[in-house]
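Remember, predicted model here, so these are calculated numbers, not experimental data.
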Amino acid sequence: MEAETVKYPVVHNYVAGQFVESEAAATLLVESPLTGAVLAEMPLSGAAELDAAVRAAQAAFPAWSATPIKERVQVFYRYKTLLEQHMTELSELVHQENGKTLDEARAEVEKAIELTEFACSLPQLVAGEVLEVSKGVECRIEKRPLGVVASIAPFNFPNMVPHWTIPNALVLGNCLILKPSELVPLSAVRIAELLKQAGLPDGVLNVVNGDREIVEAICDHPAIQAVSFVGSTRIAQVVYRRATGNLKRCVALGGAKNHLLVLPDAHPDMTASNVAASMSGCAGQRCMAGSAMVAVGSVDHIIGKLVEEARRIVPGQNLGSVISRQAKERIERYITEAEQAGAKVLLDGRQATVPGHEDGYYVGPTIIDYVTPDMAIASEEVFGPVLAIMRTNSLDEALSIENASSYGNAAAVFTQSGGLARYVMDHASAGMIGVNIGVPVPREPFSFGGWNESKFGACDITGKSSIEFWTQMKKVTTKWNPESRTNWMS
């Protein structure tokens, strides 16, 4: 399917099981970053439309929350099968609206399937606890849903990130408002359609499209009990403060500057291929991208192999586009500023074009050596296929650079020494650590989440930790034996 010929219908909000026309006068054109072609038109909804979605969720909540979890999960068994059946279509949709390669888009949908599989296991993980605490007196703990919750998703994973929240939050009995990124609203449409086909009752999932106004309205709405957010650190801080200021639960995942520490004893070929994939996968537009490499000692032989490996990454073939013209200009500006500050560009991806897609937004793989920690490219999130190499003489010096970052999503070390790997695991200031792995994303049931300014709030929105975020505990104490002696415990 050629992007130039794709034209999707006007994107509508999804409320109470129906797609409804927005009352908003303002709209936004959704472009494919592959070609710059218009894909669809999307409404910039207002607070009144969010309120209608919340009312639909409130109406659906009593019946949905009262449905036994063993029955709720059956919807997601059927939904998983639908995701598998529609794999090609869903992957193409991600490819068109986000700019990923088709292989990357397929991997994203496969991850969504894994997240759905985990949600199907939740009945085994939330079984209540019961203990006889005194003669004839039992205490039990039950996990109960919160009510209406909301998920604010980013542009870089239009299919996967909504699945960080939708399956778990809904299986646990909540009703959810999804606000997709205004840059990639099309995948959310199909998610809603397939969940309805799987038997999800109307109103349990609602989708409201818009921009900043909807985000602010979600944070302010008194009936929304919890908010999850994924995006930049600057906006994550704003969302966290506003949501918690309105007495809501909130976990807000922000940006990252992930450091890859390369030691002289690292396996050259494995290290080069992993670092290249880490910095360029999804065009570098992921918060787990390895964007800063810290070369410890003499690793020129590995850097040479890394450049060779990166030269095989070609825009339009095995490298997708970045999300917008503004993103392309911002990324290239970082490269130029680093070069002007004295860094050496070993591989230059500026001004990349793809024949036949000259209006697309492409940045080629870029490797910059001799970057110093004071340069902007060393500390700020570039969000493109760009690797900044800093050089140190010792592992402790490398760790001091990593520790100084305000972010804390991920860090990785490349070495054949178990002792040195353990040292980095113990001393790196990041929530996710890799050893000879450039993108150390934990898989289910382990939860995703960083430290420092990469995450605001307690618990996680994926994995086992998400159970605590999406539920509240009810403690029940019972006694049915009046003949038993009363003591201080009963």
### Message
Surrounding CD of Gln472 (heavy atoms of other residues, nucleotides or ligands, distance under 6.0 Å), is the total greater than 12?
### Response
yes
### Query
Do the ring planes of Tyr79 and His163 sit parallel (below 30°), tilted (30 to 60°) or perpendicular (above 60°)?
parallel
### Arg106: salt bridge (charged side-chain N to carboxylate O under 4.0 Å, His left out) partners, not counting sequence neighbours
Glu110
### Query
So is Lys464 actually on top of Phe118's ring, under 6.0 Å and inside 45° of the axis?
no
### Task
Keeping the roles fixed (side chain from Lys257, backbone from Ile377), state whether a donor-acceptor pair exists under 3.5 Å.
yes
### Message
Considering only residues two or more places apart or on different chains, which pairs with a residue in residues 260-274 satisfy side chain to side chain donor-acceptor pair (under 3.5 Å)?
### Response
Asp265-Thr415, Asp269-Lys305
### Task
State whether Glu108 and Arg286 are salt-bridged, where the test is any N-O pair (Lys NZ or Arg NE/NH1/NH2 against Asp/Glu carboxylate O) under 4.0 Å.
no
### Query
Taking 4.0 angstrom as the limit, do Lys111 and Glu444 come out as a salt bridge?
yes
#### Entry: Validation row: Leu186, Pro158 side chains within 4.5 angstrom (heavy atoms)
no
#### Entry: Close side-chain approach of Trp164 to Ser466, heavy-atom, < 4.5 Å
no
### Query
Is a salt bridge present between Glu84 and Lys80, judged by a nitrogen-to-oxygen distance below 4.0 Å?
yes
### Query
For Arg234, does the CZ atom sit with more than 12 other heavy atoms under 6.0 Å from it, leaving out its own atoms?
no
